> 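Before I ask anything, here is the structure I am working with.
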Amino acid sequence: MKIACVQMDVTIGAIEANLTKMISRVEVAAEESCDLVIFPECSLTGYCFESLAEAQQFAQPIPGLATERMQSLSTRLNLHIVFGMLESEGDRIYNVACCIGPSGVVGKYRKVHLPKLGVDHFVTPGDRPFEVLDIGQCRVGMLICYDASFPEASRCLMLQGADLIVLPTNWPPGAEPTSEHVINARSSENHIYFA
């Protein structure tokens, strides 16, 4: 399995511009025969919102316009895509990692552990159980950023049979020890891969 992890500059609230960048990165990954393309946390919307009201105007339902466009791309290129966005449901918004495959939304994960940073000041904590998704070549679990600091989250996914944990992040400066040490510890203690 070949995985592309995309690092990109995201413009706050510029959904169309961010989506256009994401589509072009997926097309490049497809040219390199990638099976899974992973984008950062809140790659569709941006992360550093100043208020709930500001963030709400950029949240979308799942499925919705962004997931439909990603599905069309996924179908055309025959690969899976994981990207971060803000999901709207009623008057709540969630920080979400969404997995899209050729047949549509494979699954979504709502961030459970919310640091007091950016949009996580305002979103609702995730309310769904940890879930493992079958994407054909492997079984994937999803967490978002700060979730990896809590060993139980990774352990739940491993116990459900995940081969890989996808971890979209928007780490602030100073979080380098998390990527250098914590993620390696989660991987080692669970005998599982992280991307």
Side-chain angles (χ1 to χ4, degrees), residues 1-49 54-89 93-111 118-120 123 126 128 131-145 147 163-172 179 193-195:
M1 179 174 199
K2 194 169 185 180
I3 300 171
C5 295
V6 178
Q7 182 172 328
M8 62 181 262
D9 288 327
V10 175
T11 303
I12 302 294
I15 289 178
E16 189 58 38
N18 294 332
L19 194 54
T20 298
K21 280 187 203 177
M22 292 164 65
I23 289 168
S24 72
R25 300 311 194 283
V26 172
E27 289 171 342
V28 169
E31 290 172 8
E32 297 295 325
S33 303
C34 291
D35 304 296
L36 174 63
V37 184
I38 304 166
F39 287 92
E41 175 182 16
C42 291
S43 54
L44 181 68
T45 55
Y47 180 81
C48 294
F49 290 98
E54 181 189 17
Q56 278 179 318
Q57 62 187 316
F58 302 107
Q60 296 185 16
I62 298 174
L65 293 174
T67 59
E68 289 167 8
R69 287 187 60 193
M70 284 303 214
Q71 178 191 349
S72 175
L73 183 64
S74 174
T75 301
R76 179 169 58 86
L77 300 174
N78 193 35
L79 48 67
H80 284 81
I81 304 165
V82 173
F83 69 100
M85 64 180 285
L86 297 177
E87 177 192 17
S88 61
E89 185 178 79
I93 63 171
Y94 299 90
N95 182 343
V96 171
C98 191
C99 181
I100 305 292
S103 61
V105 176
V106 179
K108 65 183 178 182
Y109 168 73
R110 293 173 170 171
K111 188 174 183 180
V119 76
D120 287 333
V123 298
R128 298 165 50 100
E131 179 182 20
V132 174
L133 310 171
D134 187 343
I135 64 167
Q137 293 174 299
C138 74
R139 294 175 46 80
V140 174
M142 295 187 290
L143 298 175
I144 301 173
C145 201
D147 288 319
D163 301 305
L164 168 71
I165 294 177
V166 172
L167 183 70
T169 66
N170 197 328
W171 279 322
S179 65
Y193 294 99
F194 269 78

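Here the structure is a predicted model, which means the values were calculated and not measured.
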> For residues P40 and P168, report the shortest heavy-atom separation together with the two atoms involved.
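Nearest pair, atom of P40 first, then P168: C-CB, 3.8 Å.
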> Go through the steps to decide whether E89 and R110 satisfy the test side chain to side chain contact (heavy atoms under 4.5 Å, CB included), and finish with yes or no.
CA-CA 12 Å; E89 185 178 79; R110 293 173 170 171; 3.1 Å; yes
> If you define the side chain from C-beta out and look only at heavy atoms, does anything of H80 sit under 4.5 Å from Q137?
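Heavy-atom side-chain distance check fails, nothing below 4.5 Å.
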> Roughly how far, to the nearest 0.5 Å, is OG1 of T169 from CG of L143?
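Reported to 0.5 Å precision, the distance equals 12.0 Å.
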> Side-chain donor-acceptor pairs under 3.5 Å in residues 94-107, sequence neighbours left out?
from, atom 1, to, atom 2, distance (Å)
Y94, OH, D127, OD2, 3.2
N95, ND2, E41, OE2, 2.7
N95, ND2, D120, OD1, 3.1

> In this structure, which one of I38, V82, L167 forms a side chain to side chain contact (heavy atoms under 4.5 Å, CB included) with M142?
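Considering I38, V82, L167, a side chain to side chain contact (heavy atoms under 4.5 Å, CB included) with M142 is found only for V82.
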> Under the side chain to side chain contact (heavy atoms under 4.5 Å, CB included) criterion, do D134 and V132 qualify, and how do the steps go?
CA-CA 7 Å; D134 187 343; V132 174; over 6 Å; no
> Mind checking side chain to side chain donor-acceptor pair (under 3.5 Å) for Q71 and listing every partner two or more places apart, or none if nothing turns up?
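So Q71 forms no side chain to side chain donor-acceptor pair (under 3.5 Å) with any residue.
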> Please give me the minimum heavy-atom distance between Y47 and N170, naming the atom from each residue.
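Nearest pair, atom of Y47 first, then N170: CB-ND2, 3.0 Å.
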> Which residue pairs satisfy the salt bridge (Lys or Arg N to Asp or Glu O under 4.0 Å) criterion with at least one member in residues 2-13, sequence neighbours excluded?
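Every candidate salt bridge (Lys or Arg N to Asp or Glu O under 4.0 Å) pair involving residues 2-13 fails, so no pair, neighbours aside, qualifies.
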> What are the two closest non-hydrogen atoms of L86 and F49, and how far apart are they?
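Looks like CD1-CE1, 3.8 Å.
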> For I93, is there any backbone N or O sitting under 3.5 Å from a side-chain donor or acceptor partner on S88?
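Looks like no, no N/O pair under 3.5 Å.
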> What's the shortest heavy-atom distance between V119 and A55, and which atoms?
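Heavy-atom minimum between the residues: CG2-CB, 3.8 Å.
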> Would you name the heavy atoms of S43 and N18 that are closest together and state the gap between them?
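In this case the closest contact between S43 and N18 is O-CB, 3.5 Å.
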> Which atom names give the shortest non-hydrogen contact between D147 and K111, and what distance separates them?
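Closest heavy-atom pair between D147 and K111: OD2-CG, 3.6 Å.
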> Taking atom OH as the centre, does Y193 end up with more than 12 heavy-atom neighbours from other residues, nucleotides or ligands that are less than 6.0 angstrom away?
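Count not over threshold, so no.
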> Please name all residues satisfying side chain to side chain donor-acceptor pair (under 3.5 Å) with R128, sequence neighbours left out, ordered by chain then number.
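By the side chain to side chain donor-acceptor pair (under 3.5 Å) rule, R128 matches no residue at all.
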> With side chain to side chain contact (heavy atoms under 4.5 Å, CB included) as the test, pick out the partner of V37 among V26, L73, L77, I3.
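One option only clears the test, and that one is V26.
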> Once rounded to the nearest 0.5 Å, what's the spacing between atom CE of M70 and atom CG of L44?
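That separation rounds to 7.5 Å.
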> CG of L36 to SG of C5: how many Å apart, nearest 0.5 Å?
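Separation between the atoms: 7.5 Å.
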> For residues 56-63, which side-chain donor-acceptor pairs fall under 3.5 Å, sequence neighbours excluded?
from, atom 1, to, atom 2, distance (Å)
Q56, NE2, D91, O, 3.2
Q57, NE2, E54, O, 3.3
Q60, OE1, A66, N, 3.0

> Just how far is it from atom CZ of F83 to atom OG1 of T67, taken to the nearest 0.5 Å?
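Taking CZ in F83 and OG1 in T67, the distance rounds to 6.0 Å.
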> Pairs in or reaching into residues 19-39: which pass salt bridge (Lys or Arg N to Asp or Glu O under 4.0 Å), with residues at least two apart or in two chains?
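Of all non-adjacent pairs touching residues 19-39, those that pass salt bridge (Lys or Arg N to Asp or Glu O under 4.0 Å) are E27-R76.
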